[in-house]
Trainee: 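Shown below is the structure under consideration.
Side-chain atoms are counted along with the backbone in the values below, which use heavy atoms only and exclude waters and symmetry mates. Numbered from 1 within each chain, the chains take letters A, B, ... in sequence-line order.
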2 protein chains.
Amino acid sequence: MLEEKPYHHGDLRRGLLDAALRVIAEGGVAGLTLREVARQAGVSHNAPYHHFADKAALVAALVDEGFTQFAQTMQFAYDAAEGSALDKMVCIGVAYVQFAMNHPAQFRLMFRPELRASDQCLPLQAHKTYETSSGFDVVIRALQAAQREGLVAEGDTEHLALAAWSTVHGLADLILDGNRNIASTTEEALALARVTVEIMVQGLAKRP
Amino acid sequence: MLEEKPYHHGDLRRGLLDAALRVIAEGGVAGLTLREVARQAGVSHNAPYHHFADKAALVAALVDEGFTQFAQTMQFAYDAAEGSALDKMVCIGVAYVQFAMNHPAQFRLMFRPELRASDQCLPLQAHKTYETSSGFDVVIRALQAAQREGLVAEGDTEHLALAAWSTVHGLADLILDGNRNIASTTEEALALARVTVEIMVQGLAKRP
DNA sequence: ATACATATCTTGACAGTGTCCACATCGATG
DNA sequence: CATCGATGTGGACACTGTCAAGATATGTAT
């Protein structure tokens, strides 16, 4: 059953999303073009408009998928981590950077507000704000657990979580968008992430 | 001497750079358009090409200016800081975030590689890589001073500096690009920066 | 099954963009 | 003053996002 290029694509929405990720992977976020996405998906330049209101809506869908995958990754890392609550903090921190390395296209999109400036991107309302998306919740819960175990001083958990978040987010951003000579391989990036996160967690830890 | 709109602008290069910053401030990085910049500067859509090879070159010039201002800001903050080497670390960390709040357009540009993808952006070669630009050097020197005073454990200074850099960079990025509800005013942002940086510096500090 | 309604895809058009080209104008230098 | 290079203008091209109108396939009601 060779692909006879039927008039109807089957699941063009999915095809467009995948094509968009491919385009970003090849040409970067700047090279993301609706027409190029349509070309890669093998349809006319206007077909996407039957699945997305505009370019921003397509991006919004990718961002939405990204945040969902991201939350799952963080939750999985937290569940799989062993050791003390602080050890778990280190693990989810490294998982954050690893997600950025494994899904650079989604990661870049997720934190680029100028690309998702469409008012009608409904799926994003589910996240309300990105910082309070469930990925952030995992950090909050990990910190609360550490506080319960007496490993982290009581205090504004939101502030502590923001500090931890900032550290891994900044590192991921610098590695991805800053020049590549910070870390040229994923292994190198993860090693840096571990060192960096351990310092931050040390800062969060309660003094004896 | 009312502006008679002479044929020659006087310093169009400067005018274009200022216009570009204005455009970004109004419409964000995505709204930065060569033609709009020319319009704001009051010249034809092609005049910029006599001062910049292409759009990326204009952005590169802005980035270059940004890194220069940034390095000065960091150096000044370091020199003006009082107290121990750790106190100075906190000060330059807050200064980092403050720079991002005061110069959001430049800051966004500085860490957006897709916008400066011009091969012939010569002025950037002076910085070689952004991480080793003199702004980063200030962090390195501050850490070395802290190590000399015995406040920070000996070790790979580059790694420690990257951790500190990541934290403030991530925070600035989240505040600027992530939704504004993290911090709605500059004062709020600086307060968050202080809390966050103190945690990171605590992590860098040597245990007794 | 036949006819209609709907979802999907296509072609064509328009304004706006970055960039190249040829031409116009100014300022300095012989 | 004549000339030349630097600076600015207008027009053109391919490309983009988006809208409008028409074509085709799928599903549903009779």
Side-chain angles (χ1 to χ4, degrees), chain A residues 1 3-20 22-24 26-63 109 112 114-121, chain B residues 1 3-20 22-24 26-63 109 112 114-121:
Chain A
M1 178 212 201
E3 296 287 339
E4 271 301 337
K5 200 81 172 318
Y7 195 85
H8 284 274
H9 180 283
D11 192 357
L12 182 55
R13 186 188 151 87
R14 183 70 260 156
L16 290 169
L17 291 173
D18 292 340
R22 226 177 312 136
V23 169
I24 295 176
E26 289 168 7
V29 176
L32 180 61
T33 281
L34 254 192
R35 287 173 113 105
E36 179 59 28
V37 170
R39 248 171 260 136
Q40 293 259 345
V43 293
S44 82
H45 68 269
N46 254 333
Y49 282 89
H50 290 273
H51 299 270
F52 303 99
D54 52 13
K55 183 183 177 181
L58 195 170
V59 171
L62 287 174
V63 168
L109 251 39
R112 286 275 190 288
E114 69 264 23
L115 293 174
R116 46 173 158 83
S118 175
D119 289 344
Q120 75 261 42
C121 49
Chain B
M1 179 209 200
E3 297 287 339
E4 271 302 336
K5 198 81 168 322
Y7 195 85
H8 284 274
H9 182 284
D11 193 356
L12 183 54
R13 186 190 151 87
R14 183 70 260 155
L16 289 169
L17 292 173
D18 292 340
R22 226 177 311 137
V23 170
I24 296 177
E26 289 167 8
V29 177
L32 180 61
T33 281
L34 253 192
R35 287 172 113 105
E36 179 60 29
V37 169
R39 248 171 260 135
Q40 293 258 345
V43 292
S44 81
H45 69 270
N46 254 332
Y49 282 89
H50 290 274
H51 299 270
F52 303 99
D54 52 14
K55 182 183 178 182
L58 195 171
V59 172
L62 287 174
V63 169
L109 250 39
R112 287 275 189 287
E114 69 264 22
L115 293 175
R116 47 175 156 81
S118 175
D119 288 343
Q120 75 260 46
C121 48

Trainee: What is the separation between atom NE2 on A:His50 and atom P on D:dA20, rounded to the nearest whole Å?
Mentor: 13 Å
Trainee: Look at the side-chain N and O atoms of A:Arg39 and state whether any lies under 4.0 Å from the OP1 or OP2 oxygen of D:dC15.
Mentor: no
Trainee: Between protein and nucleic acid, restricted to nucleotides 10-13 of chain D and to nitrogen or oxygen atoms under 3.5 Å apart, what atom pairs and distances do you find?
Mentor:
from   : atom 1 : to      : atom 2 : distance (Å)
D:dG10 : O6     : B:Asn46 : ND2    : 2.1
D:dG11 : O6     : B:His45 : NE2    : 3.0
D:dG11 : O6     : B:Asn46 : ND2    : 2.8

Trainee: Take the protein atom NE2 of A:His51 and the nucleotide atom P of D:dT18, then report the distance between them rounded to whole Å.
Mentor: 16 Å
Trainee: Atom CZ of B:Phe52 to atom C1' of D:dT7: distance rounded to whole Å?
Mentor: 14 Å
Trainee: Output the single nucleotide from D:dT9, D:dT16, C:dC9 whose closest atom is nearest the side chain of B:Val43.
Mentor: D:dT9
Trainee: Find the distance B:Lys55:NZ to D:dT16:P and express it as a whole number of Å.
Mentor: 14 Å
Trainee: Can you measure from CG (A:Leu17) to CZ (A:Phe52) and round to the nearest 0.5 angstrom?
Mentor: 4.0 Å
Trainee: What is the separation between atom OH on B:Tyr49 and atom C1' on D:dA6, rounded to the nearest whole Å?
Mentor: 19 Å
Trainee: Applying side-chain hydrogen bond (donor to acceptor under 3.5 Å, both in side chains), name anything that partners A:Asp18, two or more places apart in sequence or on another chain.
Mentor: A:Arg14
Trainee: Which pairs, with at least one residue in residues 42-51 of chain A and sequence neighbours excluded, count as a side chain to side chain donor-acceptor pair (under 3.5 Å)?
Mentor: none
Trainee: When the distance from CZ of A:Arg13 to P of C:dA7 is rounded to whole Å, what number comes out?
Mentor: 16 Å
Trainee: Which atom pair, heavy atoms only, marks the closest approach of A:Leu16 to A:Pro48?
Mentor: CD1-CA, 3.7 Å
Trainee: Whole-Å distance between C:dG27 P and B:Asp11 CG?
Mentor: 15 Å
Trainee: What is the distance, rounded to the nearest whole Å, between atom CD of B:Glu36 and atom C1' of C:dG16?
Mentor: 11 Å
Trainee: Enumerate, atom names and distances included, each donor-acceptor pair closer than 3.5 Å involving a side-chain atom of residues 29-37 of chain B, sequence neighbours excluded.
Mentor:
from    : atom 1 : to      : atom 2 : distance (Å)
B:Glu36 : OE1    : B:Arg39 : NH1    : 2.5
B:Glu36 : OE2    : B:Gln40 : NE2    : 3.3

